[in-house]
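Remember, it's a predicted structure, so these values are computed and weren't measured experimentally.
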Amino acid sequence: SGLALDLALDLALDGLTLAVVSIHLFICPFIKVEESFNTQAVHDILEYGIKPSALKSYDHFEFPGVVPRTFIGPLILAAFAYPFSFIMKKTTLVLVRFILGVISTMTFGYFRRCFFSKVAPKDAYRLWSIIFTVLTCCQFHLPFYMSRPLANIFALCVVNLALAAWIKDNGPWLVSLLAIACAIFRCDCLLFAGPLLLSSILSGRVTWLGIIVWGFIASIGCVVTTISIDSYFWQKKWWWPEFQVLYFNTYENRSSDWGTEPWHWYYTSALPRALLCAFLFLPISLLVTPPRLYTIFTNLFQPLELLRLNRLTILLIVPPIAFITIYSLLPHKELRFIFPAIPLLNAIATTIIAKYLSPLITRGRNNWFKEGYLEACLAVLALVLSFLVSLVFLRASSQNYPGGYALERVHSKLGCLEPIIGYKPVIHIGNIAAINGVSRFGELRECYRYSKQENLSTSDLGSFDVLLSEDSHISSEEGFHKLFHEEQFHSLDFRHSKILTKPTVFVYAKNSLLKAMRRIA
């Protein structure tokens with residue numbers, strides 16, 4: 001009955017995680033430019049097929065992106081979505097992202113089970129698992145991104161499994177899974193693989209020979225797989241996308257062209273936002289005994305007693321901290337780059353949060369000061385505040401996709417015009433709209449034609465019937481009438497507790513198109 005109860009609890013926690021991921025998905029269904037390649041690739045696989053003659057219609061030949069990415073992730077998502085590809089395109093995008101959310105949740109849940117089966121006291125497995133799940137669901141970034149088709153999320157799924165193997169001392173699986181993450185999805189996982197493998201070697205859980213043998217076998221298999229698949233889809237010989245990324249970021253050192261941050265940015269900005277209250281508990285988790293007012297007062301003359309370090313926590317926290325520290329040396333920084341470390345850091349923070357919450361669970365109630373009820377209430381308050389902050393983040397993020405909403409409104413407002421005007425109107429998608437919500441899943445090709453032609457002059461505008469433009473001053477003299485505009489998140493006004501937006505995508509229709517519509521009407 002104990003095993004059955006554990007299984008039921010694990011399923012419930014996976015269900016809760018998936019529900020929170022799905023809420024983020026449905027509130028923010030569109031994608032950003034970072035997710036564009038994988039999203040367009042899934043669309044093209046489902047829409048055109050994978051025969052050689054179909055590849056010419058693929059988006060990546062026209063818009064290859066800054067660096068190439070593998071087609072393996074999109075192929076997996078398309079395979080699961082294919083039985084449902086008959087539904088509407090926008091719904092298909094939601095379905096594809098939901099499938100990725102399910103995969104992310106499953107690997108996340110597997111890591112949770114392996115970690116707390118090994119680390120938690122026997123009678124605390126269920127409680128620690130619940131706290132870990134609640135802690136994660138009270139955060140914003142991880143649930144928000146777990147359904148987003150980024151190479152970082154494909155890699156995160158594999159790294160979750162690798163962390164489970166690391167906790168279980170399963171060397172062959174650890175090495176093999178890290179090889180998959182590094183060679184196929186994100187080469188920067190090497191920075192995490194190094195500390196993980198070194199810690200396993202120093203603790204005697206794996207040997208150098210085992211790493212070399214399994215690393216060689218797994219790496220050869222991964223490289224052969226990615227070259228075979230991606231050479232076909234990219235139509236280039238011996239094409240290994242992650243090697244191209246590694247070459248771009250290291251030898252050419254061009255990643256900083258896309259912005260730089262100070263060396264401490266991950267610790268002073270990214271981690272506090274990603275972890276929220278968990279960030280506060282991480283330093284405390286290094287101590288054997290969580291500091292409470294009672295223990296501080298009783299040990300005023302024995303301060304070293306309060307500072308005894310927890311050896312297990314130190315062993316667990318060194319690899320993710322080493323990974324983030326090494327990554328901090330690179331000038332170009334983004335929060336999603338350190339996603340592989342977030343689940344493990346959350347798990348470590350859980351170990352101390354559970355100790356703080358224990359008075360509320362055990363209900364000893366002999367002495368509220370001695371038992372630590374005040375600290376337990378503060379821990380609950382920290383979780384609540386994290387949840388409230390994540391709601392603000394989610395609300396702000398929902399207003400970050402003006403291009404997606406603009407295109408959706410155009411389709412709804414104008415309808416299918418070809419039967420009325422005798423041709424398919426051409427919609428031009430400007431740069432701001434293209435990188436903030438527009439994807440091929442949002443197009444209605446049976447009613448419209450679309451263009452993302454860049455560097456247009458004023459005289460070029462006449463080639464299009466509808467414009468999704470960042471220019472707010474296209475006049476009627478140029479032959480267009482402004483229909484509406486879409487707002488985008490600008491900043492948080494803490495003084496008035498408001499989310500401020502600004503107009504960024506302006507939608508115009510050609511005067512002749514509107515006249516034809518009025519004449520028919």
Side-chain angles (χ1 to χ4, degrees), residues 2 5-14 16-17 20 108-139 142-143 160 163-164 167-168 271 274-296 306-318 320-321 341-387 390:
L5 188 58
D6 287 344
L7 177 60
L9 175 64
D10 287 331
L11 291 175
L13 295 179
D14 288 343
L16 174 61
T17 303
V20 174
F108 183 77
Y110 182 68
F111 162 73
R112 183 194 68 239
R113 290 189 289 275
C114 291
F115 184 91
F116 292 111
S117 295
K118 185 74 176 286
V119 173
K122 290 184 178 180
D123 59 346
Y125 168 81
R126 297 168 189 168
L127 174 62
W128 287 27
S129 297
I130 293 172
I131 294 173
F132 172 74
T133 304
V134 171
L135 174 65
T136 302
C137 291
C138 287
Q139 295 169 345
L142 201 56
N160 282 338
L163 287 173
I167 291 293
K168 295 171 65 177
L271 276 177
L275 297 176
L276 295 179
C277 75
F279 184 75
L280 302 176
F281 288 103
L282 278 177
I284 305 173
S285 69
L286 298 176
L287 304 176
V288 171
T289 304
R292 295 188 175 98
L293 288 176
Y294 177 78
T295 56
I296 291 174
L306 296 171
L307 299 178
R308 287 189 300 128
L309 297 179
N310 188 319
R311 183 175 177 274
L312 175 60
T313 302
I314 292 174
L315 293 175
L316 291 172
I317 205 171
V318 165
I321 294 301
I342 301 300
L344 182 53
L345 293 177
N346 275 342
I348 294 169
T350 297
T351 63
I352 201 70
I353 295 174
K355 293 178 182 178
Y356 274 123
L357 292 178
S358 60
L360 297 179
I361 307 301
T362 56
R363 300 179 182 179
R365 299 188 186 275
N366 294 323
N367 186 317
W368 69 271
F369 181 66
K370 182 177 180 180
E371 298 293 338
Y373 284 101
L374 176 61
E375 291 82 359
C377 291
L378 290 175
V380 172
L381 179 61
L383 289 170
V384 172
L385 291 176
S386 285
F387 176 70
S390 70

Quick one: [atom1] on [X] to [atom2] on [Y], what's the gap to the nearest 0.5 Å?
X    : Y    : atom1 : atom2 : answer
S358 : L127 : OG    : CG    : 8.5 Å
I321 : I314 : CD1   : CD1   : 12.0 Å
L312 : L286 : CG    : CG    : 11.0 Å
L275 : I348 : CG    : CD1   : 10.5 Å

Hey, would you say the Y125 and F115 ring centroids sit under 6.0 Å apart? no
Contact between [X] and [Y] at the side-chain level, heavy atoms closer than 4.5 Å - yes or no?
X    : Y    : answer
I342 : L271 : yes
K355 : P290 : yes
L9   : I130 : yes

Is a side-chain donor or acceptor of [X] paired with a backbone partner of [Y] at a separation under 3.5 angstrom?
X    : Y    : result
E375 : Y356 : no
S386 : C277 : yes
S117 : C114 : no

What pair of heavy atoms forms the shortest contact from [X] to [Y], and how long is it?
X    : Y    : value
A376 : L357 : O-CD2, 3.6 Å
S129 : R112 : O-CD, 3.9 Å
F132 : P343 : CE1-O, 3.6 Å
C138 : L276 : O-CD1, 3.8 Å

Pair D10 + R126: basic N to acidic O under 4.0 Å: no
Parallel, tilted or perpendicular: which fits the ring planes of F116 and W128, with parallel below 30° and perpendicular above 60°? perpendicular
